[in-house]
Protein chains: 2
Amino acid sequence: MGNSKLYKGSLTTIIMKLLAENDKMYGYEITQKVKKLTQGELNITEGALYPALHKLEADGLLHVEVKKVDNRLRKYYKLTEKGTKETANLLTELQRYIETMQHLVNPKFSLD
Amino acid sequence: MGNSKLYKGSLTTIIMKLLAENDKMYGYEITQKVKKLTQGELNITEGALYPALHKLEADGLLHVEVKKVDNRLRKYYKLTEKGTKETANLLTELQRYIETMQHLVNPKFSLD
DNA sequence: TTTTATACATAAGAAAATTATGTATATTTG
DNA sequence: CAAATATACATAATTTTCTTATGTATAAAA
C-alpha cells in the first residue's frame, strides 16, 4: 500500500468509509478513488484489496452484486446493516488511534 | 498491542520516539511508559517488543548496554546517530499518514 | 500492433503482530 | 510466611496482513 508501514491494518477502515460515503463501489473503482483522494500517496494493490473484500463479505459486513458493464465484469459492494454499524466503530478507533499517537509523539501532551 | 488493528506497524516509531526523548531506556521501562502515556490504551506485549528491539539493534539504529540493577538484568537501549536520523523520518511518515487518513475519512477535504 | 487501462482472482512469501511458554529475582499481600 | 504480583529478559508457534508475482480477459490508446 503506502510507502510507510503505518498503513498496515487500515485497509478495512478505508474501504468501509468509502462505501459509507458512496453507497456502492466495485474493487477497481476503490483503488482509483483512493489514489485520487490521496494524490497518489496510497495505492492499494489488488493482492491486498480483493482478499480484504472477500473477508468483509464472508463476515457479513458487505453485500455483493455482480453486473456486466461494457462486456466486462464488475462486482459492486455495498455495506450491510452490520457493516454500517461496524464502520462507525472503525472510524471511532481511527480517531482514538490518531489521538493516542499524537500524545506519544507530541511531548507537550505528556502526563509525567 | 492496542485494541485496534491500526497499531500494527507503529511499534518501531513509538520506541524510537521515546528513546529520542529519554536518551536511554530498557525494554520493560518502555512498556510501562507507553501504558502510562496512553492511559492504558496501548499495552506493548513482550512478544512484540523484544524482537523489535533486537531488529533495531541489528539494523544499527540502537545501541545496547547491559547493566545489573538490584541483582536483576537490564538492557539499556540508546539511539545511534543513524537511529536519530531514522527517527526523524519515521515521525515525518507518521504525520503524513495521519494527514492522509484524515483526507480519506473527513469528506470536507475531498478533492472531487 | 503493442502497450496501457479496466476488472477480476489467487498463490507464495515476508513482515509484524498475538499467544503461549520459559527462566529468574524482588516485592507485596493475604 | 506463603502465594501472588511485579520486574526483566527471551523465544517458539501461529495468525494476520501485506507484497510480489502470476493468471485470465476485454477495451482503449499509442
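Numbered from 1 within each chain, the chains take letters A, B, ... in sequence-line order.
- Nucleotides of DNA chain C nearest to B:Lys8 and A:Pro51 differ in position, and the one nearer the 5' end is that of A:Pro51.
- Taking the side chain of A:His54 as heavy atoms from C-beta on, and the options C:dA9, D:dT17, D:dT11, the nearest nucleotide is C:dA9.
- Listed in residue order, the members of residues 85-98 of chain A having a heavy atom less than 4.0 Å from DNA chain D come to none.
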Nucleotide by nucleotide, nucleotides 1-8 of chain D touches protein heavy atoms under 4.0 Å in the pattern (B base, S sugar-phosphate only, - none) -----SBS
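- By the 4.5 Å heavy-atom criterion applied to side chains, B:Ile15 and B:Leu53 are counted as neighbours.
- Residue A:Gly47 is the one, among B:Gly2 and A:Gly47, whose nearest nucleotide of DNA chain C lies closer to the 5' end (criterion: closest heavy atom).
- Closest heavy-atom contact between B:Leu6 and A:Gly9: CD2-O, 3.7 Å.
- With rounding to whole Å, A:Leu6 atom CG is found 14 Å from C:dA15 atom C1'.
- Considering only heavy atoms from C-beta on, B:Met101 comes within 4.5 Å of A:Leu94 through its side chain.
- Regarding contacts with the backbone of C:dA17, every side-chain N or O of B:Lys5 stays at 4.0 angstrom or more from both OP1 and OP2.
- Contact check for A:His63 versus A:Glu57: no side-chain heavy atoms found under the 4.5 Å cut-off.
- Residue A:Tyr7 contributes atom OH, which lies 16 Å from atom P of C:dA16 at whole-angstrom precision.
- A heavy atom closer than 4.0 Å to some atom of DNA chain C occurs in no member of residues 61-68 of chain A.
- Side-chain contact check for B:Tyr7 and A:Glu93: no donor-acceptor pair (N or O, by modelled atom type) lies under 3.5 Å.
- Rounded to whole Å, the distance from NZ on B:Lys55 to C1' on D:dA10 is 18 Å.
- Taking the side chain of A:Asn71 as heavy atoms from C-beta on, and the options D:dT26, C:dA26, D:dT17, the nearest nucleotide is D:dT26.
- The two residues A:Lys24 and A:Glu29 have their closest heavy-atom pair at O-OE1, 4.2 Å.
- At whole-Å resolution of the value, CG in A:Leu53 and P in C:dT10 are 11 Å apart.
- In this structure, B:Thr80 contributes its side chain and B:Leu61 its backbone to a donor-acceptor pair below 3.5 Å.
- One atom, CG of B:Leu49, and another, P of C:dT19, lie 16 Å apart when rounded to the nearest Å.
- Across all non-hydrogen atoms, the minimal contact from A:Leu49 to A:Gly27 is CD2-O, 3.3 Å.
- Grouping the Ile, Leu, Val, Met, Phe, Trp and Tyr side chains by contacts below 4.5 angstrom, directly or via other members, places B:Ile30 with B:Val64.
- Shown here is A:Arg74, whose CZ atom has more than 12 heavy atoms of other residues, nucleotides or ligands within 6.0 Å.
- If you take OH of A:Tyr76 and P of C:dC8, they are 9 Å apart, rounded to a whole angstrom.
- The side-chain heavy atoms of B:His103 and A:Leu37, taken from C-beta on, include no pair separated by under 4.5 Å.
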